Structure formats: structure tokens, C-alpha cells
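Counting begins at 1 with the first residue of the sequence. All values reported here derive from a predicted model rather than from experimental measurement.
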Amino acid sequence: MRQVIVKHLHDQALLALLLSAVTTTTSWTSSLAASYGTSGLGASQSAPWFLAGLLLGADALERDRRGAMRQYLAHRGLSARRQFAARAGAAALLLAVLVAFATALIALRALEPELQALRAALPSHLAVVGVAATSSLWGLAIGALTAAFVRSRWRLAIALILAGLSAWELAKTWQSAVGDVLASNEWTWIGWNVAASGCVLRLAAEVHGVDKDSSRPLRGRVRSIAGLAVLALASAPLRWRAQTLCDSALRSNAREQPAIALAGRRLTLVEGEDASQAGGATPLFEPRELLPRRPWLGYSGGYVQLARTGFEFGPAQIQMEVPPQQRFAVELDGALFVPALCFDLRAWQVRASFAQVDERWKESSKLPRVVATPDFDPHRLTTLERTDGRSFSPQLEYLARREGGSSFLLTDSGDLTLWTVAYSGIEPHLTKLELPDGDEWMGWDQSEEYFDDLDGLFARRGPRLRGRNGLHEWTSSGFVRVAPKPAAGFTVRFLDDDVLAPHVEVVHPSGAPRLEHRYDASPRWTALALLATTLDAPAVTLADFVRPAAALAPPDERPSLVASGRRPWLLALHVALGLVCAHWLARRQTFGLRRVWWALALLVGPATAALAVALEPRPKLASTPLPPRRLILIATGRTARRRRTRPGAGPAPGLSPDGQTS
């Protein structure tokens, strides 16, 4: 077994060297960026290590599966499980060396004097070592299972891409849901990877144990469990791709449709991809408004949706602007320090600190100077607590920089409270705000008539705060009352908000002008959207069929052709295709299953069925044996004499009765 491990270390040395260059460079770059920046270490730190484990795990089993080496290992007397343990152990040892090398590099670079930020955050980066190691372990398990089940090399390459993407997204989804909830992000990620990798490696070892002959398919329960596991992982990217294809077709169809605009004193249809550029016409409705817009997070001129992150390791912060009226500078030992604010996305709290002013801007700074107190520590990080003793809810937003100056405003839609930061001397604290004239905040304005700037357009809701008695807007000088728009505006009503062919009515309050229009979908984009829908799982179509559609859908809600009970024939067609695919797979006994495919009919679409047939190991066809050739017997003299001495023996073939050759 030791010789097998040494052999694998030697064979995979070149691949490990190439992966080492990628993982080490990425780890160092992301660690340095996280030290100076505001984000933590997430996918940029874990994804390269997962990829390294995936390739090493697949290569370890694929390299010795065929040829003379397979026979050599079989004659060495090693059981199949010990062979698997030797291969997986060699790959894990290489990954451990790569992790240790990257850790040593970061630790050595942190000792350099100019890298003070990295040295201060070194404990957090060293904690990420466990994250990198377990990420590679998860990749190793997925690569080993895929290589143990899929035999053909070209099928293995496809399965590795699909299963790797799905396994990574599965781990990321789990981490985003439970990170910093059950435990800290690092320990949650390590626990998930260790537990999931152990189960997958055990299944891969079982598959390898029954793999007696590469020319025969797997048998029994192991074949079924492993096949369904690989199929579930590999089919997820196909479903994502089908959904993306459908969304692209719907967006392309919406771009080709005309917009309803006001030209002069009448409503008209304006052709063109961007009706807002039509000269002399004011667009009132475009079909793409029914499609959800992607959220613009971190936009410097609008709103930032603060979201808890479960996929950040180490610091995860968003820098915030100090209110203009609260800015000052503190002098200490010839240096100048200014207040700095950030929001910790992991602790879900506002933190205050001080940042040193660069020498180039020290003399030109016109901020009010404050003499430092004896207990002033510029490197101290202060956590700001709410005055009511409660915590922020997940529905928290931050108002970023706007035109006319910067401001600081936190809006908590969970308990309808407004917060800013104020300084008493040099001590910061959170201050609760109230709307002017005793008005009560009721939430953000949702009416479309106030989508008159990019911020509200990107945020998919009005940029103004809606009070019980009116609308308010936050500026650098505080809240400003906003006069409501005159009632003479046009109203857009959706008689049918179908994303493919909407029915829209635009009307003036006086009744004229008025325009009602039913859009006609493009045939080619309609066909592409229908095809992409039928390639998805029937269960997804059924869920969309019972889900109601809304004109102002959330940014993360994907459009659907069957939403709100539309196109029941498409749902029936999709379910019928799922039943046909399940019947076909049951007759073929794919993965050794029959009745189970009927139970999984709502999860099996045409794409998943084709993938199941492609990934299933099939036996090699044996060569047709040739017919036996007639052997020509040449009788010698001894044979002839023996035949003559036996009772009843006739003359030997090819001999005359007298023993002479005829």
C-alpha cells in the first residue's frame, strides 16, 4: 500500500505543481485584498481549492483504472477498498502540502514591515486555512465519486464539470443559509465539508469496491445510490441553464416590442430597442418593465441592501460615509485622525473607528481640529448599539452618497425605525430619527409615478420615504417634505401582466387620451422560451403555475410562462414529457431502477433523462466469435498402426486399406 501511495505521489506531482501555482496565487491575492478592502474571503478563497481537490480526486482513480497497472494492482493482493484508500490518501496528502505552502507564504509575507494591514488580520487569514483545506476535501470527494461511477473519459469530463458546479453551489447555498447562525462561518463551513465529504467518500469507496471489471456495469444498490447522487448533482446546472435560456428569450422578446409613449398630446407606439431615446416622445410603459431587474448593490448614488453573508470568512464590512455635520479631525503626536464608520455584515452591527490622514492631505485638511483626550486610542474599534436595546432586522438598508453631499441613514423596515450616527465630542453613538411634524414612517413609496431617478429604478421601489401624512426625502441637511405630484399624470394598468404578451392600458384621469394595447410575442423567441421551459424539471413548472405573478416582482424572482395559472396546456405537456421520460428510463432499468423512476417523474425532464442515459456505465460489447475452422489432421505411421490394431477400426483418413498413403 505504501508503494501505491508513493507511485501516486510521483504520477500526480506535475498536476499538483500546476494547481499549486493557481491556488497559492489566488489565496495570496484575495488575502491581501481582504486586508485592505471591505469584503471578506468567500468564493475567491475557496473555489480554487475546491477545483484542485476535484481534479486530483478524479485523476487519482482514472489514472490506474485501465491497462497493465490495473492488473498489477489486482495481483498485488490489495483489496479494492485499500486501493481506493491509497489513491485518496495520496491526493489528500498533496492537497495538505499545497495548503501548508500557501499558509507559510502568507505568514512570511505578513512579517514584512510595509504590510501592516495583513499582519493585523493574520489570525483571520490563518483561520481560513481550515476553510481552504476542507474546500479541497469536498472537491476530492466529488471528483472521486464521479470518477468511480463514470467510466468513459469524455463522459467523465462532462460529468466533472456539471457535478462540480452543482456541488459548489450546493455548499454555497448551505453556507449562506446557516453561516454565523449555527456557528461562526469558518466552523460551519468546516463542519459541512467534513460531514458531506465523509459520506460521499464512503459511497465512492463502495462503488470502487464492486468495480471488479471495467467492462461490466455496476450491480446492486450501490449502483442505484451512486447513479442517483451523480445525476442529482450533474442535472442541476442543466436546469439552471434552461432557466437562463428562458429568461434571455423573454428579455429579447421584450426588447423587440414597441413602447407606449406620449408624443405631443396623444399616446402612440414607439418602435426601437430603447424608447427613452425617441426624440420628442415621453415613454410611459415598456414591456421589459414586467421583467424583474437585477439589484444594484453598492451603487454609489443610491441604496445599498445590507444582506447577512454566510459565505464570508474573515472580515466582511461595508464602509459608510460619516455625516458632513459630524466630521472632525483629532490631533495626536503630530498625526491627524478622522472618524470612520463601517457596517459588519457578520455581526450585523455598526462599528466606528479612526483613520489616519495621509501626510499629503494633512495640511490642506479644513476639518475642525479636536485635541485628543488622554485615553484616546485611534486603533480601537467601537461597536455602536441601538438606544432601544434591540438588534437590527434583516430588512435593513443603507442610504449611500447622493447628489449634493453625502449622508448617513439606516432604514430598518422590520420595525420601521430610522437611524443615523452622531458624535458627542469624539464618542460616536447611534441616534434614532423621526420624520418632521410628528409623521410616522410607513415604509418606502411603492408607486410607479415616483420612479423618476436611477436610484428608485434600480432599487425597484420609490426613492422616498412614505409617511402617514405625506412623502419625505433624506438629504445631507435632514428630512425634506416632498410635494405630491399633480393628479394629472397618466396611469398604467395591467389587464394581463403576462411577460410574453402583456395587455396594457394607459389612460389619463380625464378619460382622454387613452390607449389599450395587446402585445404580440415574437414567434422565434416564443419558441425558444417554450423549448427552454420543457427542458426544465416538471416540478419547477408546476410550482410556477400555482405561484401568483405580480407586476412589481422582487429582483430575485424569475419570470415564468405559466405563472398565475397561464398556459395550462404547457404544464400538461411538460408533465407528460416527464412521464414519458420516466417510462423510458424504467424500461431501460437505468441505474437498476424501475418503479423509482415513476416516483421521480416530476423531477425528470428531457435533459435529465438524456443525461441519465449518458452517465450510466454501459457494458462493452463483446466481439462476435468466429466460426471454428476445420482442422486438417495429418496422420503419421504410428497413428495409422494404432487405428488398425483397435477392433472395428477402419482405415485412417487419407490412407488406403494396405496402409499406403492414397
| request: Could you walk me through whether Leu570 and Thr533 pass the side chain to side chain contact (heavy atoms under 4.5 Å, CB included) test, one step at a time? | output: CA-CA 9 Å; Leu570 181 58; Thr533 301; 4.1 Å; yes
| query | Could you go step by step and tell me if Trp240 and Glu169 meet the side chain to side chain contact (heavy atoms under 4.5 Å, CB included) rule? | reply | CA-CA 11 Å; Trp240 301 335; Glu169 288 296 330; 3.4 Å; yes
| message | Determine whether Leu250 and Leu561 satisfy the following criterion, side chain to side chain contact (heavy atoms under 4.5 Å, CB included), listing intermediate values before the conclusion. | response | CA-CA 9 Å; Leu250 293 178; Leu561 297 178; 3.6 Å; yes
| Given the rule in the side chain to side chain contact (heavy atoms under 4.5 Å, CB included) test, do Phe591 and Leu231 qualify, once you have shown the distances and angles that lead to the verdict? | CA-CA 10 Å; Phe591 301 151; Leu231 179 64; 3.9 Å; yes
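A donor-acceptor pair is defined here as one N or O able to donate and one able to accept, closer than 3.5 Å; no such pair exists between the side chain of Arg239 and the backbone of Ala537. Distance alone, capped at 3.5 Å, is enough to place a donor-acceptor pair between the Asp180 side chain and the Asn185 backbone. In this structure, the side chain of Trp138 engages the main chain of Ala167 through a donor-acceptor pair within 3.5 Å. Not one N or O on the side chain of Ser197 forms a donor-acceptor pair closer than 3.5 Å with the backbone of Val194. Using modelled atom types, no side-chain atom of Ser252 and backbone atom of Ala249 make a donor-acceptor pair closer than 3.5 Å. For the pair Ser136 (side chain) and Gly53 (backbone), a donor-acceptor distance under 3.5 Å is absent. With Trp168 contributing its side chain and Leu51 its backbone, the two residues share no donor-acceptor pair below 3.5 Å. With hydrogens and angles disregarded, no donor-acceptor distance shorter than 3.5 Å links the side chain of Gln257 to the backbone of Tyr519. Side-chain atoms of Arg588 do not come within 3.5 Å of backbone N or O of Leu585 as any donor-acceptor pair.
Around the CZ atom of Arg241, the shell of radius 6.0 Å holds no more than 12 heavy atoms that belong to other residues, nucleotides or ligands. The number of heavy-atom neighbours closer than 6.0 Å to CH2 of Trp174, taken from other residues, nucleotides and ligands shown, is 12 or below.
Rounding to the nearest 0.5 angstrom, the gap separating the CG atom in Leu160 from the CG atom in Leu55 is 7.5 Å. Atom OG1 of residue Thr146 and atom CG of residue Leu54 lie 7.0 Å apart, to the nearest 0.5 angstrom. From Leu95, atom CG reaches atom OG of Ser135 across 11.0 Å, with rounding to the nearest 0.5 Å. With values rounded to the nearest 0.5 angstrom, Ser560 atom OG is found 11.0 Å from Leu500 atom CG. Taken from CG in Leu201 to CG in Leu145, the straight-line distance is 9.0 Å, to the nearest 0.5 Å. Between Leu170 atom CG and Leu165 atom CG the span is 12.5 Å, to the nearest 0.5 Å.
A donor-acceptor pair shorter than 3.5 Å cannot be found between the side chains of Trp584 and Thr590. Residues Gln175 and Trp192 have side chains that never bring a donor and an acceptor to within less than 3.5 angstrom of each other. A donor atom on one side chain and an acceptor atom on the other are not found under 3.5 Å apart for His574 and Thr534. Side chains of Gln243 and Asp247: a donor-acceptor N/O pair is absent below 3.5 angstrom, by distance only.
Applying the side chain to side chain donor-acceptor pair (under 3.5 Å) rule to pairs touching residues 592-614 yields nothing, sequence neighbours excluded.
In this structure, Ala601 and Pro538 approach most closely via the heavy-atom pair O-CG, 3.9 Å. The heavy-atom pair separating Ala226 from Val207 by the smallest distance is CB-CG2, 3.4 Å. Closest approach of Ala236 to Ser166, counting heavy atoms only: CB-OG, 3.3 Å. Here the closest heavy-atom approach between residue Ala159 and residue Leu615 is recorded as CB-CD2, 3.7 Å. Nearest heavy atoms, Cys246 versus Ala529: SG-O, 4.0 Å. In plain terms, the two heavy atoms of Ala607 and Leu535 that are nearest each other are CB-O, 3.8 Å.
Taking 4.5 Å as the limit, every side-chain heavy atom of Leu530 sits out of range of all side-chain heavy atoms of Leu573. Side-chain contact between Leu137 and Asn193 is absent, with no heavy atoms from C-beta onward closer than 4.5 Å.
Arg346 has a carboxylate O that lies under 4.0 Å from a charged side-chain N of Glu186, or vice versa, which qualifies the two as a salt bridge. The pair Glu256-Arg524 meets the salt-bridge criterion, with a side-chain N (NZ, NE, NH1 or NH2) lying under 4.0 Å from an Asp/Glu carboxylate O.
For Ser248, there are no side chain to side chain donor-acceptor pair (under 3.5 Å) partners two or more places apart in sequence or in a different chain.
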